[in-house]
Each structure stands twice: as structure tokens, then as C-alpha cells.
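To start, the structure itself, in C-alpha cells.
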2 protein chains.
Amino acid sequence: MKILEQTSEEIKSQILDAAFERFGRYGFGKTTMAEIAKDCDMSAGNLYRYYTNKKEIAADCAGRCMKNAEQLWREILKQPDLSPQNRLTAIVLEKLNYLHQQFSDHPPLFELVMYISGERQDLVADHLGTLQSLVAEILAEGNRTGDFNVPDVLGTAKAFLAATTKFNTPHFMGTFELKELENEAREVVQLLIQGLARR
Amino acid sequence: MKILEQTSEEIKSQILDAAFERFGRYGFGKTTMAEIAKDCDMSAGNLYRYYTNKKEIAADCAGRCMKNAEQLWREILKQPDLSPQNRLTAIVLEKLNYLHQQFSDHPPLFELVMYISGERQDLVADHLGTLQSLVAEILAEGNRTGDFNVPDVLGTAKAFLAATTKFNTPHFMGTFELKELENEAREVVQLLIQGLARR
DNA sequence: ATAATAAATATTTTATATTATATTTATTAT
DNA sequence: ATAATAAATATAATATAAAATATTTATTAT
């Protein structure tokens with residue numbers, strides 16, 4: 001039995017940690033496989049036993065980011081004593097803050113995101129699908145509590161996401177100030193929530 | 001008196017026509033000042049009597065596009081017998097169709113837009129300001145007719161624009177199908193309109 | 001057999017020279 | 001004087017060679 005040895009998954013995770021650190025500090029293009037390998041005390045060639053290529057490492061990094069963002073939303077969904085309205089506001093502001101923070105702390109990540117957005121649209125689509133189902137949960141909750149009256153929960157969740165694109169998409173983080181985006185986000189969600197209100 | 005001569009403005013307009021045609025067909029980068037000049041039967045150097053440089057020509061092209069889009073909205077504002085709700089829907093769909101058409105007919109224009117978005121953010125900001133005031137007019141009309149109850153017309157107009165960013169921004173035209181965007185746009189505006197309804 | 005490395009090869013990036021183009025200036029025509 | 005051009009120059013794009021890096025393969029160790 002291997003006790004002190006690392007499992008394959010643990011090694012992959014170690015590689016991802018090292019890669020993410022470098023991608024965030026120096027960018028995807030300026031990070032070499034040799035450097036990632038060195039950080040893990042292995043040879044460059046050995047990386048290929050765990051990842052088929054550099055793009056897959058990048059994809060996994062992006063995937064981790066997206067999973068993080070999804071987890072933040074799940075935490076908000078788990079919070080008790082939060083109205084559906086406040087949950088919707090919270091998830092939008094949370095994601096906006098997460099994104100803006102990420103890119104102001106680690107500007108080179110923008111390159112990674114642009115790259116993966118182009119190369120792996122499937123990952124982005126999956127992520128949006130997950131977000132949609134999380135929004136749908138909040139809408140369904142709102143229907144139960146009587147706060148909302150949403151016949152098509154999934155369709156409306158999709159529309160909600162579309163309407164909050166500006167606060168949910170890396171593209172705009174570089175162009176606008178966080179404070180301005182936060183204010184706009186609050187007003188947009190306010191409008192949408194009024195639209196959801198039972199009358 | 002000059003009767004058969006062109007005025008300076010007419011010449012600028014001729015230059016813009018030629019440039020726009022080439023930018024749309026071959027892209028900003030692949031279009032040379034010499035080519036634009038030849039289309040106008042003049043020397044390359046002479047272009048500089050009318051535009052300080054190539055960037056200014058591009059900026060004027062982008063400006064013309066934005067003015068076109070604004071004009072489309074004004075036509076919709078002028079239409080009689082259209083509810084404020086339908087006006088809002090119409091402007092969003094009109095802009096979306098205009099953008100998508102533009103870029104599917106002339107893909108190289110995307111390069112121009114990216115260039116100007118980066119180099120002349122002031123132009124984009126002005127355009128958005130104009131759009132905001134046009135939306136505000138519709139909201140104010142809605143207040144008058146009793147269809148809406150919007151205390152802060154300008155602020156809400158801004159929020160409306162933010163919420164329809166996905167259908168108003170060149171960036172997304174390449175990523176999504178027109179039909180899908182149209183459906184999403186309709187649903188988003190529907191949500192927003194319900195939010196605006198008097199209750 | 002599994003895991004890793006080091007060496008070999010294929011790709012990509014970078015640096016550099018060359019060319020093309022943007023812009024300015026000098027010159028000519030009206 | 002104004003308008004235009006052609007020639008001159010500055011800048012940017014392109015092609016090419018060199019170097020660096022990604023990926024594969026052969027080899028070694030466990």
C-alpha cells in the first residue's frame with residue numbers, strides 16, 4: 001500500500017497549483033512547461049503523464065476558477081434567512097467582486113481567460129449552464145415563498161443571466177471601475193426583481 | 001463662386017465612403033492610405049489635408065456607424081401608436097439586428113471596432129450617453145401615459161442599457177447566433193418591462 | 001509494469017533585416 | 001494663397017533566421 005506516495009490526482013492538483021500561480025503572475029504565454037515542472041520537482045516530460053498538453057492545464061485552471069465562482073453562489077444559496085430578492089442581488093455582486101478582484105490582483109489571468117474562451121467554448125457554456133440552474137433554484141424558492149411568480153423558471157434564469165452579462169463577464173472588468181459596476185449591478189437587479197414581483 | 005467644385009465637407013465624406021468600403025471589405029489593417037486616396041482620385045498625401053491620420057478616418061467611420069444606430073432608434077421614437085413597452089423592445093431588437101447584420105455582412109469591421117473601442121473610448125462613451133437619453137425619452141413617455149412609474153428616468157435608462165449590454169455590444173455578435181440573441185433579448189426586455197409596470 | 005528522466009524532434013516565439021506603409025516636407029499647379 | 005502632388009522620412013508590418021519551448025521518444029530507475 002502506498003502511504004507516503006502521492007496519488008495521481010494529488011500530483012495533478014500540485015501541477016495545477018504551480019501552473020495557476022505562474023499563469024496569474026506571468027501569464028499563460030510567458031509560463032513554460034519547464035518552469036511548472038521545476039516548481040513540482042519533476043521533469044518537463046513527466047508533466048505529460050498527467051496532462052496531455054499545456055492547453056489542458058490552462059483549461060483546468062479556468063475550470064477551477066469557474067468552480068470557485070459556482071461554489072461562492074452555492075454558499076449564498078445555503079445561507080438561511082435571506083430573501084430570494086437578496087439572494088439574487090448577492091450572487092450578482094459576489095460574482096462581480098470575485099471577477100474584478102481576480103483580474104486586478106492577477107492581470108495576466110486575462111490572457112488565460114481570452115485564450116480559453118476562444119479554445120474551449122464548451123467549458124464556458126457548461127459554466128453558464130450551472131449558473132443558470134443555480135439562478136433557477138432561487139427563482140423556484142421565490143415561487144414557493146410567494147415572493148416571485150415565475151412560470152418558466154429555467155427560461156427566466158437564462159434571461160436573468162443575459163441581463164447581468166455585464167457583471168458576469170471578464171471582458172468588462174478591464175473597462176469599468178468596480179464601484180461603477182456595483183452600482184449599475186444593483187440597479188439592474190432591482191429592475192429585474194421588480195419584474196419578478198407578484199402583483 | 002465655386003459651383004462645380006466640391007466643398008471640403010463633401011471631400012471628407014467621399015474619403016469616408018471609400019475608407020468605409022475598404023475597411024468593411026479588407027479590414028482596417030489591410031487598407032492603405034494610398035488605396036483610399038486612389039479611390040478618391042487623389043494622392044495619399046492629400047488625404048492629410050482632410051484627416052490628420054488614419055486613426056481619425058477610422059474614428060469617423062465608427063462614428064458614422066454609431067450615428068446610424070442612433071438614427072434607427074430615433075425613427076422608432078418617432079413612430080406613432082407604439083406603446084412605450086413596444087418601443088423598448090423595438091430599439092433593443094433593432095440594434096441587435098443592425099449589429100449582427102453589420103458584422104455578418106462585413107466581418108472585417110470587427111477589427112475596426114476593436115481598434116476604436118481601445119483607442120477612442122470617449123466616442124463609445126458619447127454613443128452610450130446618446131442611447132441613454134433616447135431610452136430616457138421612452139421612459140418619460142411611459143410615465144406620462146401611465147404605463148410606467150419610473151422616478152429616476154436617467155438612472156433607470158442607464159440600468160436598462162446595462163441590462164441589454166449583451167445585445168448592444170459588438171463583442172457578442174461573433175459568439176452567438178442572431179436567433180438565439182433575439183429570443184434572449186425579448187425575454188430580458190420582457191422582464192425589465194414588468195419591472196417598470198405600475199402596480 | 002510504472003514512473004520518471006534525458007535526449008530528440010516539432011512548434012512556437014523572439015530577434016532582426018527587409019519591405020511596405022503612414023506621415024511629413026518640398027515642390028508644382030491653379 | 002490654396003490645393004494638390006511627388007519625393008523624403010518615420011513608422012509599422014512582414015519575412016526570415018535564430019533561439020526558446022512544447023511535445024515525443026528512447027532510456028533508466030524503481
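All chains are named by letter (A, B, ...) in the order of the sequence lines, taking the proteins before the strands, and each is independently numbered beginning at 1.
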### Message
Between A:S13 (side chain only) and A:E9 (backbone N and O only), is there a donor and an acceptor less than 3.5 Å apart?
### Response
no

### Query
Looking at C:dA4, D:dA4, C:dT23, which one has an atom nearest to any side-chain atom of A:I11?
C:dA4

### Query
Counting side-chain heavy atoms from C-beta on, which of D:dA22, C:dT5, C:dT23 comes nearest to A:N46?
C:dT5

## Note on the structure
With the side chain defined as heavy atoms from C-beta on, A:S43 is closest, among D:dA4, D:dT23, C:dT5, to C:dT5

### Query
So among A:D152, A:T156, A:D147, which one has a side-chain contact (heavy atoms from CB on, under 4.5 Å) with A:L139?
A:T156

### Message
Applying a 4.0 Å non-hydrogen cut-off, can you work out what B:S8 is touching in the nucleic acid: base, sugar-phosphate, or nothing?
### Response
nothing

## Note on the structure
Out of C:dT23, C:dA4, D:dA22, minimum distance to the side chain of A:Y50 belongs to C:dA4

### Task
Give a yes/no on whether any side-chain N or O of A:Y48 is located under 4.0 angstrom from OP1 or OP2 of C:dT5.
no

### Task
Spell out, as yes or no, whether a donor-acceptor pair under 3.5 Å connects the side chain of B:H100 to the backbone of B:F176.
yes

### Message
Taking the minimum atom-to-atom distance to the side chain of B:M33, which one of C:dT23, D:dA4, D:dA22 wins?
### Response
C:dT23

### Ring-face cation of A:K55 near A:F28 (centre distance under 6.0 Å, axis angle within 45°)
no

#### Entry: Options D:dA4, C:dA3, D:dT23, nucleotide nearest the side-chain atoms of A:R49
C:dA3

### Task
Grab the NZ-P distance between A:K30 and C:dT13 for me, whole Å please.
10 Å

### Query
Does D:dA12 have a Watson-Crick or wobble mate here (both distances under 3.5 Å), and if so which one?
C:dT19

### Task
Tell me the partner of C:dA26, counting only Watson-Crick (N1-N3 plus N6-O4 or O6-N4) or G-U wobble (N1-O2 and O6-N3) with both under 3.5 Å; none if nothing fits.
D:dT5

